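In what follows, chains are A, B, ... by sequence order, proteins preceding strands, each numbered from 1. Note that this is a predicted model, so its numbers are computed, not measured.
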Amino acid sequence: MHPAYSVIFLTTATGAGYGLLALLGVLRAIDHLPHDRTFGVIVLGLALALITAGLLVSTAHLGRPERSWRAFSQWRSSWLSREGVLAVVTYGPALLFALSWLILQRNDGLWPLAGWAAAGFSVATVYSTSMIYRSLAAIPRWHHPLVAPVYLLMALATGAVWLNAMLMPFAPGNEVLQAVCFAALAAAWLVKIAYWRAIDSAVGDSSSASATGLTGFGQVRPLDPPHVQDNYLLKEMGYVVARKHSAKLRRLTHLLAFLAPLVLIIIQTATSGPASLAAAALAAIAISFGVVIERWLFFAEAQHKVMLYYGADRI
Amino acid sequence: MTSLPKSPSPKRLGLVIDLDTCVGCHACAVNCKEWNTAGYHAPLPDTDPYGKDVDGVWLNRVHGFETTGDTGGNNKDGRTVYFPRSCLHCEDAPCVTVCPTGASYKRTEDGIVLVEEDKCIGCKLCSWACPYGAREFDSDGGVMKKCTLCIDRIYNENLDADERQPACVNACPARARHFGDFNDPNSAVAKLTAARGGVELMPELGLKPTNRYLPPRPAATVGAMADGASLDDAPTTGGGFLGWIDRTLSR
């Protein structure tokens with residue numbers, strides 16, 4: 001599939017933003033965050049900025065963005081519509097949460113519920129984003145049970161590593177958050193490895209013979225193409241990434257998205273002062289590049305069954 | 001509404017495409033383009049049509065394939081097959097349920113899958129959901145386009161009765177395309193499907209496409225092609241002058 005930059009930015013930026021928002025909601029509800037207003041403005045501001053920028057940029061790949069309000073109507077059947085509805089609904093508890101922290105400075109009574117609700121809706125929004133891909137049977141590498149866990153864990157890991165970096169100047173040594181970072185990075189890494197192994201060994205259900213109704217006629221291969229230059233289908237669905245590039249990019253993902261953040265956060269906990277701060281900041285930068293490469297590969301490596309009509313044997 | 005109709009439609013309109021008789025002339029694709037660029041989905045734009053990067057929206061594409069032949073059965077020899085590809089108007093159409101706006105829908109009365117362009121935001125998700133590549137994006141209009149089964153012909157009372165068929169069916173010089181109601185056991189499409197063993201495309205996906213493809217008949221084997229015989233071991237037959245030459249040369 002063609003890796004459109006707007007969709008890569010949408011899924012990674014909103015993933016990090018919702019991961020961050022969910023962690024803020026939960027950690028403040030269980031009182032594991034500084035009450036500092038400046039800290040709150042920075043972290044909540046970043047979370048909402050990432051979410052809002054991702055959602056706005058996602059409209060850039062629409063043919064008719066001025067009609068995008070219509071996308072809130074089909075939540076009964078469409079995961080894309082559900083994502084839109086949940087993304088907007090999440091602003092409700094998120095803004096209540098911001099009110100309780102940044103303006104009222106309260107975390108008693110029912111106020112922690114706003115944080116829990118913001119976290120819950122954040123998870124639901126990321127889940128519906130992943131289900132947009134997970135639900136497409138025409139693209140077997142997306143129609144896979146590990147797609148939703150990968151999206152959720154990558155969102156949690158990027159949010160946690162970013163929160164960890166921004167917490168440093170205010171309250172270094174938040175052990176709960178460091179534990180979340182390690183757990184999320186390790187779990188995301190394992191699930192991503194399992195996903196790659198699964199898609200590499202998968203054998204497609206469909207063949208060029210089943211796609212043309214010529215089962216029993218032997219190998220079916222293209223002879224005369226229907227058009228002389230790439231059409232929409234080939235430009236959108238026919239993207240192919242060279243195997244050697246994909247291997248290199250997977251190694252880069254292992255390094256930047258998982259290994260480097262884990263090692264840097266260990267360094268951060270083992271040191272103090274500027275070294276510790278630098279390690280935490282570098283971890284956040286590394287995972288940001290790592291998750292973009294991971295998402296680029298998620299699109300570029302996905303094969304669409306329509307390619308069975310254009311030379312693929314089995315997908 | 002992008003939920004699929006709850007009960008099967010009373011009519012199930014669709015096409016039968018005969019891979020035995022299709023000669024790959026592209027007349028169906030051309031007439032489809034011609035009709036639809038002025039019809040329901042008007043226009044079907046072309047970009048750089050006479051230049052170096054020819055591109056454009058077509059709702060029907062004709063592929064040519066070759067098969068290698070199978071070891072058993074009637075298909076042991078390879079052959080060329082021309083294969084027109086367009087929307088199959090699936091009963092469980094994934095392009096409909098993924099649509100976030102309700103622009104993509106399946107008609108309850110006859111099962112035709114349509115795009116209501118005024119509601120389409122051009123997110124392209126429906127084209128990702130279709131394994132058959134039936135939808136093409138119109139980058140000029142920013143909306144998705146697809147086969148309408150010529151809904152503006154088949155119910156059009158301004159046309160003569162025999163013209164009330166999809167443009168591709170009317171154009172086919174080989175009579176390889178047939179239109180009708182699959183729910184009617186006496187329709188030409190139902191009869192042809194039953195008689196010739198019409199098949200679904202990618203049945204493993206379970207999308208229940210309406211259109212059926214008739215597989216090529218066993219290839220005719222004539223003369224020296226019969227049973228893979230080679231001219232080298234052609235038996236000496238016949239009498240007369242030619243038989244005498246054959247016998248003399250075969251010595």
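- For the pair His2(A) and Phe299(A), the minimum side-chain heavy-atom distance is 4.5 Å or more.
- The greatest number of non-hydrogen atom pairs below 4.5 Å with chain B, out of Lys305(A), Gln229(A), Arg221(A), is found for Arg221(A).
- Within the 4.5 angstrom heavy-atom criterion, only side-chain atoms of Val81(B), from C-beta onward, approach chain A.
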- Checking salt bridge (charged side-chain N to carboxylate O under 4.0 Å, His left out) for the pair Lys106(B)/Glu91(B): CA distance, chi angles, key distance, verdict? CA-CA 8 Å; Lys106(B) 185 170 176 69; Glu91(B) 245 174 89; over 6 Å; no
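- For chain A, the nearby parts of Cys123(B) are the backbone and the side chain; heavy atoms of each come within less than 4.5 Å.
- Looking at Glu66(B), both its backbone and its side chain come within 4.5 Å of chain A, counting heavy atoms on both sides.
- Both the backbone and the side chain of Pro216(B) have a heavy atom closer than 4.5 Å to some heavy atom of chain A.
- Ring planes of Phe298(A) and Tyr195(A): tilted class, angle from 30 to 60°.
- Most heavy-atom pairs under 4.5 Å with chain B, from the set Ser58(A), Pro225(A), Ser81(A): that is Ser81(A).
- Only the side chain of Leu214(A) comes within less than 4.5 Å of a heavy atom in chain B; its backbone stays farther off.
- No part of Arg212(B) comes within reach of chain A, as not one of its non-hydrogen atoms sits under 4.5 angstrom from that chain.
- With a 4.5 Å cut-off on side-chain heavy atoms, Glu116(B) and Thr101(B) do not count as touching.
- Most heavy-atom pairs under 4.5 Å with chain A: of the set Gly64(B), Ser127(B), Ala29(B), this distinction falls to Gly64(B).
- Leu223(A) touches chain B through backbone and side chain together, each having a heavy atom under 4.5 Å away.
- The most heavy-atom pairs under 4.5 Å with chain B, out of Asn231(A), Leu136(A), Asp205(A), come from Asn231(A).
- In this structure, the portion of Glu236(A) lying under 4.5 Å from any heavy atom of chain B is its side chain and not its backbone.
- Separating the OG1 atom in Thr97(B) from the CZ atom in Arg76(A) is a distance of 14.0 Å, to the nearest 0.5 Å.
- Of the atoms belonging to Leu19(B), it is side-chain heavy atoms, and not backbone ones, that fall under 4.5 Å from chain A.
- By number of non-hydrogen pairs under 4.5 angstrom with chain A, the leading residue of Pro84(B), Gly141(B), Gly78(B), Ser139(B) is Gly141(B).
- Interface remark: Met307(A) contributes no atoms to any contact with chain B (heavy atom separation under 4.5 Å).
- Taking 4.5 Å as the limit, every side-chain heavy atom of Val150(A) sits out of range of all side-chain heavy atoms of Tyr133(A).
- Among Gly69(B), Ala134(B), Gly56(B), the residue making the largest number of heavy-atom pairs under 4.5 Å with chain A is Gly69(B).
- Taking the six-membered ring where tryptophan is involved, the planes of His227(A) and His63(B) are perpendicular, since the angle between them exceeds 60° and thus also 30°.
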- Task: Determine, step by step, whether Tyr232(A) and Trp58(B) satisfy the ring-ring contact (aromatic ring centres under 6.0 Å, His included) criterion, reporting the C-alpha distance in whole Å, the side-chain angles of both residues, the deciding distance to 0.1 Å, and the verdict.
- Result: CA-CA 10 Å; Tyr232(A) 165 74; Trp58(B) 293 66; over 10 Å; no
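- Side-chain contact check for Leu114(B) versus Tyr105(B): some heavy-atom pair is nearer than 4.5 Å.
- Between chain B and the residues Lys235(A), Glu83(A), Arg82(A), the most heavy-atom pairs under 4.5 angstrom are made by Lys235(A).
- Side-chain contact between Arg177(B) and Leu15(B) is present, with heavy atoms from C-beta onward closer than 4.5 Å.
- Using a 4.5 Å heavy-atom cutoff, the side chains of Phe179(B) and Leu13(B) are in contact.
- Considering only residues two or more places apart in sequence or on other chains, Phe83(B) meets the ring pair (Phe, Tyr, Trp, His ring centres under 6.0 Å) condition with Tyr309(A), Phe65(B), Tyr213(B).
- Heavy-atom contacts from other residues, nucleotides or ligands closer than 6.0 Å to OH of Tyr310(A) number more than 12.
- If you tally non-hydrogen atom pairs under 4.5 Å between each of Asp118(B), Val199(B), Leu214(B) and chain A, the highest count goes to Asp118(B).
- Chain A forms more heavy-atom pairs under 4.5 Å with one residue of Cys120(B), Pro203(B), Pro215(B) than with any other, namely Cys120(B).
- Contact of Trp75(A) with chain B is not made at all, since no heavy-atom distance falls under 4.5 Å.
- With a 4.5 angstrom heavy-atom cutoff, Val62(B) touches chain A only via backbone atoms.
- Of the two parts of His304(A), only the side chain, counted from C-beta on, holds a non-hydrogen atom closer than 4.5 Å to a non-hydrogen atom of chain B.
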